[in-house]
Amino acid sequence: MSGTKEIKTHMESIRDTRKITNAMYLIASTKLRKAREELEGTRPYFEALRSEIKRIFRTVEDEVVDSPYFYPLKGEPPLDKPSACLVITADKGLAGSYNQNVIREALKLRRLHPDTKLFVVGEYGRRFFAAHGIPIEYSFLYTAQNPTIARAREISALLLDGFQKDKLDRIYVIYTDMSNGMTYEAKCTRVLPFHRAYFTDTAHAEPPVTEPFEFLPNVNSVLDSLMPSYVSGFIYSALIDSFCCEQQARMTAMDSANQNAEKLLEELALQFNRVRQSAITQEITEISAGARAQRQRKEG
């Protein structure tokens with residue numbers, strides 16, 4: 001059994017670790033609140049952009065739209081070129097299963113489409129793929145801790161360049177979506193090309209178009225100018241969502257670590273008291289035995 005000195009040293013070590021985990025919890029909560037404010041501040045613009053795209057589809061006939069950003073009416077064409085996949089991970093661990101869930105989705109996609117080219121955001125993803133010998137087409141070296149619309153546009157520009165030059169068939173984004181304030185899940189979403197139903201399924205919720213629209217020079221040119229902005233907005237939303245989920249996951253992990261530290265400290269305190277009481281009892285027993293021996297010797 002460990003002595004009192006070893007137990008006290010162990011308890012001090014746990015208290016020091018608890019200070020670190022508590023500080024990480026507070027930092028994550030601050031970053032989460034700031035990221036949510038940024039997301040809420042930019043979301044209305046991209047929601048309005050999507051509404052305008054939906055209005056275009058409600059205004060013109062489907063046969064008129066012939067854009068590379070949308071599947072044709074006949075359905076999905078077969079894949080004859082590789083796909084691109086943007087994988088959004090964190091820069092570090094200590095966030096529960098956040099990174100592992102994203103990596104699992106990326107590996108699942110590669111099993112379905114082995115020729116998928118990976119575009120990675122986050123140091124954790126870069127190290128994982130490098131350690132397992134999985135090639136990375138492009139690694140965005142800036143940190144995942146500070147998502148901005150400028151970085152989202154850089155990412156979308158690189159992906160759209162390959163798509164527009166007909167080097168890529170599809171573009172996927174694997175990110176972590178926060179469905180509500182407490183739960184989150186890793187998702188694999190195809191960004192390009194879109195199904196037309198993505199913008200037409202909810203058309204009944206929009207007011208009917210009564211005034212005719214005029215598209216200059218034509219509706220396809222208008223869509224071709226709108227879709228890059230929409231893709232940038234989607235990627236920016238994915239970056240922010242992933243960052244929020246990372247902070248939420250880190251808060252949960254650090255809170256669990258704090259609770260485990262409290263429980264362990266209680267167990268060690270109980271063990272410390274038992275060892276100390278045992279040592280005191282042993283000392284009293286030795287003193288009593290020594291006093292008894294002295295009395296017996298004097299009496300003898």
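Scope of the values below: all heavy atoms of this structure, side chains included, with no hydrogens, waters or symmetry mates.
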**Item:** Charged N-O contact under 4.0 Å between E123 and R126
**Value:** yes
**Message:** What's the separation between atom CD in Q271 and atom CE in M11, rounded to the nearest 0.5 Å?
**Reply:** 10.0 Å
**Asked** Side chains of F128 and L107: does their closest heavy-atom pair fall under 4.5 Å?
**Response** yes
**Asked** Say you draw a straight line from OG of S83 to CG of L192; how long is it, rounded to the nearest 0.5 Å?
**Response** 11.0 Å
**Nearest-0.5 Å distance that lies between atom CD1 in I240 and atom SG in C245** = 11.0 Å
**Item:** Shortest non-hydrogen contact from I171 toward L160
**Value:** CD1-N, 4.5 Å
**Message:** Hydrophobic cluster membership, with links at side-chain heavy-atom distances under 4.5 Å among I/L/V/M/F/W/Y: are F140 and L168 in one?
**Reply:** no
**Message:** Run V87 and E105 through side-chain contact (heavy atoms from CB on, under 4.5 Å) and show every step you take.
**Reply:** CA-CA 9 Å; V87 183; E105 289 294 325; over 6 Å; no
**Criterion side-chain contact (heavy atoms from CB on, under 4.5 Å) on K187 and I174, from CA distance to verdict** = CA-CA 6 Å; K187 287 186 175 181; I174 297 180; over 6 Å; no
**Asked** Within the distance-only criterion (no hydrogens, no angle test), does the side chain of D169 pair as donor or acceptor with the backbone N or O of P82 below 3.5 angstrom?
**Response** no
**Set of residues satisfying side-chain hydrogen bond (donor to acceptor under 3.5 Å, both in side chains) with respect to R104, sequence neighbours excluded** = N101
**Proximity of Y236 and F234 rings by center, below 6.0 Å** = no
**Request:** Begin with the C-alpha distance, continue with both residues' side-chain angles, and end with the deciding distance and a verdict on side-chain contact (heavy atoms from CB on, under 4.5 Å) for Y138 and L158.
**Result:** CA-CA 9 Å; Y138 192 89; L158 182 63; 3.6 Å; yes
**Message:** So does M254 get a backbone contact from the side chain of N258, meaning a donor-acceptor N/O pair under 3.5 Å?
**Reply:** yes
**Message:** My understanding is that only residues two or more places apart in sequence, or in another chain, count here; which of them pass side-chain hydrogen bond (donor to acceptor under 3.5 Å, both in side chains) with Y124?
**Reply:** Q100
**Request:** Keeping the roles fixed (side chain from S232, backbone from R153), state whether a donor-acceptor pair exists under 3.5 Å.
**Result:** no
**Prompt:** Going by heavy atoms in the side chains, are L264 and L268 under 4.5 Å from each other?
**Reply:** yes
**Request:** Could you please spell out the steps behind the side-chain contact (heavy atoms from CB on, under 4.5 Å) verdict for I88 and D241?
**Result:** CA-CA 10 Å; I88 303 175; D241 268 342; over 6 Å; no
**Asked** Can you name the nearest heavy-atom pair linking D91 to G122, along with the distance?
**Response** OD1-CA, 3.5 Å
**Message:** Tell me whether R190 contacts the main-chain N or O of P193 through its side chain, where contact means a donor paired with an acceptor under 3.5 Å.
**Reply:** yes
**Request:** Looking only at non-hydrogen atoms, find the nearest pair between C188 and L109 and report the distance.
**Result:** SG-CD2, 4.1 Å
**Prompt:** Can you check whether R33 reaches Q247 side chain to side chain, under 4.5 Å on heavy atoms?
**Reply:** no
**Request:** Using the test ring pair (Phe, Tyr, Trp, His ring centres under 6.0 Å), find all partners of F129 that sit at least two apart in sequence or belong to another chain.
**Result:** none
**Message:** I'd like to check Y98 versus T176 (side-chain heavy atoms, cut-off strictly below 4.5 Å). Are they in contact?
**Reply:** yes
**Prompt:** Within the distance-only criterion (no hydrogens, no angle test), does the side chain of S242 pair as donor or acceptor with the backbone N or O of A238 below 3.5 angstrom?
**Reply:** yes
**Asked** Within a strict 4.5 Å, meaning less than it, do heavy atoms of the Y172 and R170 side chains meet?
**Response** yes
**Asked** Please walk me through it: do E12 and R15 pass salt bridge (Lys or Arg N to Asp or Glu O under 4.0 Å)?
**Response** CA-CA 5 Å; E12 288 298 324; R15 291 191 182 98; 3.2 Å; yes
**Message:** Same cluster or not: Y230 versus I155, using hydrophobic residues (I, L, V, M, F, W, Y) connected whenever any side-chain heavy atoms lie under 4.5 Å apart?
**Reply:** yes
**Asked** Is a side-chain N or O of S237 found less than 3.5 angstrom from the main chain of G233, in a donor-acceptor match?
**Response** no
**Message:** So does A157 get a backbone contact from the side chain of D161, meaning a donor-acceptor N/O pair under 3.5 Å?
**Reply:** no
**Prompt:** What is the minimum heavy-atom distance between G125 and T89, and which atoms define it?
**Reply:** N-OG1, 3.0 Å
**Heavy-atom side-chain contact between I235 and L86 under 4.5 Å** = yes
**Prompt:** Under a 4.5 Å cut-off applied to non-hydrogen side-chain atoms, are S139 and F119 in contact?
**Reply:** no
**Asked** Any side-chain heavy atom of L118 within less than 4.5 Å of one from R110?
**Response** yes
